[in-house]
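This report refers to the structure that appears directly beneath it.
All values derive from a computational prediction rather than experimental measurement. Just follow the structure's listing: the first ligand is 1, and inside any ligand the first atom is 1. Side-chain atoms are counted along with the backbone in the values below, which use heavy atoms only and exclude waters and symmetry mates.
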Amino acid sequence: MQPDLLPDVIAIDGPAASGKSTIGLMLAQRLGYLCLDTGSMYRALTLAAILKGISPDNENDITRLASDCDLAIIPLSGETDGRHYTVMLNGVDVTWDLRSPQVDAAVSQVSTYPGVRSRMVERQRAVGRRGRVVMIGRDIGTVVMPDAGLKLYITASPEERARRRLIDRVRQGNDDEYQSILADVVRRDQMDGSRVLSPMRPAVDAITIDTTGRSAEVVIEEIMSILNLNHFQPEGRA
Ligand code: DC
């Protein structure tokens, strides 16, 4: 692939903690693209429901909330606390709150609701239409952006994913147990992969990359060579 033939939309799907968010952000930075992590949209809605005391089982109220809540995802502008972007919910920075065990426990349920998905997909496609975007999720290559020029499915073993999530949590000050994180990762894989609407799965034309035991840098080099861009620098960069 030549640099002038770069895909306008790169879809990255894969299970929880597979490394897809880190890799998606690094890739977007290398290409000078916007990065949209759609999981954060489902997480922000889940947090909004928790804050309002709405049960994750209450489909009607959660669907209404999906239309009503004011959600914005803002690219990095010099923050150094390890965030990949800033998420504002009703004007409040909730970036780190999205990663709490309470949100982890409820988000797969919230994201099964058809009314929720249609509103989220609408917003995601609006970003996709602007182009030059790396979009990360579970159903980007299959449902949200089926015409994406490059589709990647990033995966890793459940044990490796649980270890990565544990490291993230300890960094954030939550000392969770590895076994309970592993159980949660497996539970979410099961829910995300078996739901009726837009289940998590690789698109037929996706390239699957297993990141188990590999650093993000090594994976990025593999993707750059898929793009034929090993020496590519985006415009405006040295
Ligand atoms: O990638 P993540 O762990 O932040 O995603 C959180 C949840 O959101 C995940 O369990 C399933 C849901 N999700 C989804 O259903 N569709 C997407 N495109 C992205 C996330």
*Do any N or O atoms from the side chain of D13 and from the backbone of G141 form a donor-acceptor pair under 3.5 angstrom?*
yes
Checklist entry - Does any donor atom in the side chain of R195 or S198 lie under 3.5 Å from an acceptor atom in the other side chain? => result no
Expected contact list for ligand 1 at under 4.0 angstrom, heavy-atom basis, is K20, T38, G39, Y42, R43, R99, V107, S108, S111, R117, G137, R138, D139, R188, D192, R195
| said: Donor-acceptor check, side chain of R161 to backbone of A16, threshold 3.5 angstrom: yes or no? | reply: yes
Does the R117 side chain pair with the main chain of S111, one donor and one acceptor, at a distance under 3.5 Å? yes
One should read off an interatomic distance between L150 CG and I226 CD1, to the nearest 0.5 angstrom, of 6.5 Å
So the side-chain hydrogen bond (donor to acceptor under 3.5 Å, both in side chains) pairs with at least one residue in residues 17-28 (sequence neighbours excluded) are S21-D37
